[in-house]
Amino acid sequence: MTRIFECIHLTKIYKGSEKKALNGVSFRMPSEGILTLLGRNGAGKTTLLRIATTQLLPTEGSVSVLGLDVVKEAKKVRERISVLPQEGRPFPPLTPWDHVYYFLLARGLDRTEARTRAKTVLSELELDEYASTPADRLSGGLRQRILLAMALSTYAELIFLDEPTLGLDAVNQRKIWSIVRDYCKKYGSIVLTTHSLNEAETLSDYIVIINRGRVVAQGSVEELKAMMPYRFRIDVSSGFSKEVLSSYGKVVEVAGRMRVLLDETGAKDLALEAVKKRVSVSVSPTTLEDVFIDLVQEEGVQDEST
Amino acid sequence: MNLLKTLRSIFILAYMFSILWIVRNLLSLIYLFFAPFTVLFLLYALAGSEVLPYALVGAYIMTLVQAGAAIIGDAAWHKLELKFQDMMVASPVSETAYLLAEALSELLYSAPALIILLLLILQFKLSVFTLFTLLAVALLVWLSTSSLGFFISTYIPNIRNGWQISLLLGLFLAVLPPVFYPIERVPEYLLWAAYLPPTTHAALLLRDSIGLTSPLPLSYSWLILIAYTLTFMALATYRAQWREK
């Protein structure tokens with residue numbers, strides 16, 4: 001079976017720097033679908049994506065895209081992938097139609113095929129009513145959709161999206177999520193970078209969490225959640241001291257409130273105690289955010305101690 | 001990609017960067033069209049009709065240099081701001097095709113002014129030799145300055161520097177050297193510097209084709225211009241790598 005996307009001991013040190021932007025990154029996309037590279041700003045996600053899309057040479061290690069080595073077989077890789085760069089912008093006076101149609105022609109499609117695809121993709125991305133409007137007269141969300149339309153219209157086997165919803169409002173973010181999901185069902189696989197936990201949890205079939213250039217965890221959302229010993233979280237705003245809460249589970253401070261991560265028994269006990277004290281608390285299952293913060297915080301502490 | 005497909009990609013990208021822009025935004029053409037004629041008018045107003053052959057040759061070369069130098073700002077803009085180059089890297093389009101598309105698009109912007117200037121120069125001497133010289137020199141100046149422009153653009157850290165260096169290159173190649181004025185006006189101790197820029201030799205060749213004699217054998221000027229073009233093209237090809245280290 002062809003390996004869709006795989007990194008083996010990937011390391012990158014930029015010229016003039018001693019810091020490792022990527023430090024021995026290894027993972028494999030287990031099946032077709034959406035793989036998300038999740039990490040904080042500066043974690044190394046874009047560096048990894050630039051190496052995978054043949055824009056940057058690795059210092060050590062290898063990356064395989066669709067079974068091809070990105071260094072030795074870059075030309076073949078380029079024919080089968082497409083990329084949406086981070087914070088790209090369309091050409092101001094050109095229309096969404098101009099962008100998609102001429103981009104496809106430049107990539108080598110014939111006119112009929114380019115026209116058909118441009119029509120389909122603009123309609124799928126609900127850009128058809130703006131097809132003849134210059135990009136500089138469109139909103140930020142629509143402009144981002146033009147770039148996404150360019151990338152998706154290639155029907156490439158693997159598409160790389162670097163922070164596709166960065167700076168967009170919630171409505172536009174959800175619109176783009178739904179487009180990306182639909183594309184994946186119909187045409188090919190997607191590798192996505194994001195620092196949005198909500199985006200990663202909603203879209204991903206497989207998540208690779210990167211922190212300070214290293215993979216700290218990988219798996220499906222459920223697998224990642226299962227890595228945590230805690231199944232529940234309880235947010236407490238008053239009535240308990242940090243010391244008392246620590247006896248129930250792991251305490252983290254979130255925006256001035258105490259959040260306790262705990263197992264089922266601990267959750268029951270703390271909830272009952274809160275009822276007795278007539279203190280309002282909120283109980284919910286742990287989310288990817290809890291996993292992420294737990295992992296990244298631990299990694300941070302380890303880094304600082306070494 | 002085979003050769004035909006590569007050529008098609010070059011023309012489509014150049015069309016997208018220039019003609020489509022002009023159609024959608026006519027303002028982008030106005031400066032490039034009028035700039036050489038305002039210089040012509042200024043020289044005519046200052047010195048009368050006897051400087052017209054020099055002024056026309058100078059305006060013709062200046063327009064070509066502007067086309068080549070503009071690539072510095074535009075290529076840097078496409079790469080750093082729009083990130084369009086990143087999208088092209090992950091595609092079957094080669095780096096050389098992309099470079100040529102950028103260069104061709106700048107030439108298309110300048111084409112209306114160039115055609116009028118070419119017709120005006122031919123008024124001084126209408127011959128196949130003059131036409132050949134005008135076209136051959138145009139090709140060499142465009143290729144050399146575009147290659148130099150692209151080479152420089154790969155070192156540009158931000159877009160403002162791109163526009164500034166583009167203007168600076170225009171001054172050094174089309175205003176300071178004896179492109180608009182006779183080389184005989186240059187003091188003897190500065191002659192070596194006057195002969196350095198490729199545009200000096202382009203001007204000597206063009207002037208000769210309309211009957212103004214050159215102090216240097218023409219074969220020297222052709223050789224120097226070709227050598228510059230090949231060197232700048234080699235530099236541009238060396239730097240036109242999709243992948244960074």
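Note on naming: letters A, B, ... go to the chains in the order of the sequence lines (proteins, then strands), and numbering restarts at 1 for each one. Because the structure is predicted, anything quoted here is derived from the model rather than measured.
- Remark: Y14(A) OH is packed, more than 12 non-hydrogen atoms of other residues, nucleotides or ligands lying under 6.0 Å away.
- Per-residue counts of heavy-atom pairs under 4.5 Å with chain A were compared for Q85(B), R24(B), E81(B), M88(B); the largest is that of R24(B).
- Residues P93(A) and N25(B) approach most closely at CB-CB, 3.9 Å, considering heavy atoms.
- With a threshold of 4.5 angstrom between heavy atoms, P90(A) approaches chain B through N, CA, C or O but not through any side-chain atom.
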Derivation and outcome, side chain to side chain contact (heavy atoms under 4.5 Å, CB included), residues Y101(A) and M16(B):
CA-CA 10 Å; Y101(A) 177 66; M16(B) 197 176 169; over 6 Å; no
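- Interface remark: of the candidates Q55(A), K15(A), M150(A), Q55(A) forms the most heavy-atom pairs closer than 4.5 Å to chain B.
- Between the CE atom in M87(B) and the OG1 atom in T53(A) there is a gap of 11.5 Å [rounded to 0.5 Å].
- The residue among T59(A), L147(A), V83(A) with the most heavy atom pairs within less than 4.5 Å of chain B is V83(A).
- In this structure, the portions of E87(A) lying under 4.5 Å from any heavy atom of chain B include both its backbone and its side chain.
- Residue with the most contacts toward chain B among I81(A), I51(A), L94(A): L94(A) (heavy-atom pairs, distance under 4.5 Å).
- Atom CZ of F172(B) has 12 or fewer heavy atoms from other residues, nucleotides or ligands within 6.0 Å.
- Within a 6.0 Å sphere centred on OH of Y187(A), other residues, nucleotides and ligands contribute more than 12 heavy atoms.
- Of all non-hydrogen atoms in I12(B) and A106(A), the two that sit nearest each other are CG2-N, 3.9 Å.
- Proximity to chain A (any heavy atom under 4.5 Å) is restricted, for F84(B), to the side chain, taken from C-beta onward.
- Classified by interplanar angle (parallel below 30°, tilted 30° to 60°, perpendicular above 60°), the ring pair H78(B)/F91(A) is perpendicular.
- Using cut-offs of 30° and 60° on the angle between ring planes, the pair Y15(B) and Y102(A) is tilted.
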Dump the intermediate steps for side chain to side chain contact (heavy atoms under 4.5 Å, CB included) on L105(A) and R8(B), then the final yes or no.
CA-CA 8 Å; L105(A) 288 181; R8(B) 185 169 170 268; 3.3 Å; yes
Apply side chain to side chain contact (heavy atoms under 4.5 Å, CB included) to residues R107(A) and S91(B) and explain how you reach the verdict.
CA-CA 6 Å; R107(A) 279 184 67 111; S91(B) 84; 3.5 Å; yes
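- Here the CG atom belonging to D98(A) is positioned 11.5 Å from the CH2 atom belonging to W21(B), to the nearest 0.5 angstrom.
- Only the side chain of K12(A) comes within contact range of chain B, judged by heavy atoms closer than 4.5 Å.
- Once rounded to the nearest 0.5 Å, the distance linking CD of Q86(A) with CG of D86(B) reads 10.5 Å.
- The 12-atom threshold is not exceeded at CZ of F132(B), counting heavy atoms of other residues, nucleotides or ligands nearer than 6.0 Å.
- Only the backbone of L109(A) has a heavy atom closer than 4.5 Å to any heavy atom of chain B.
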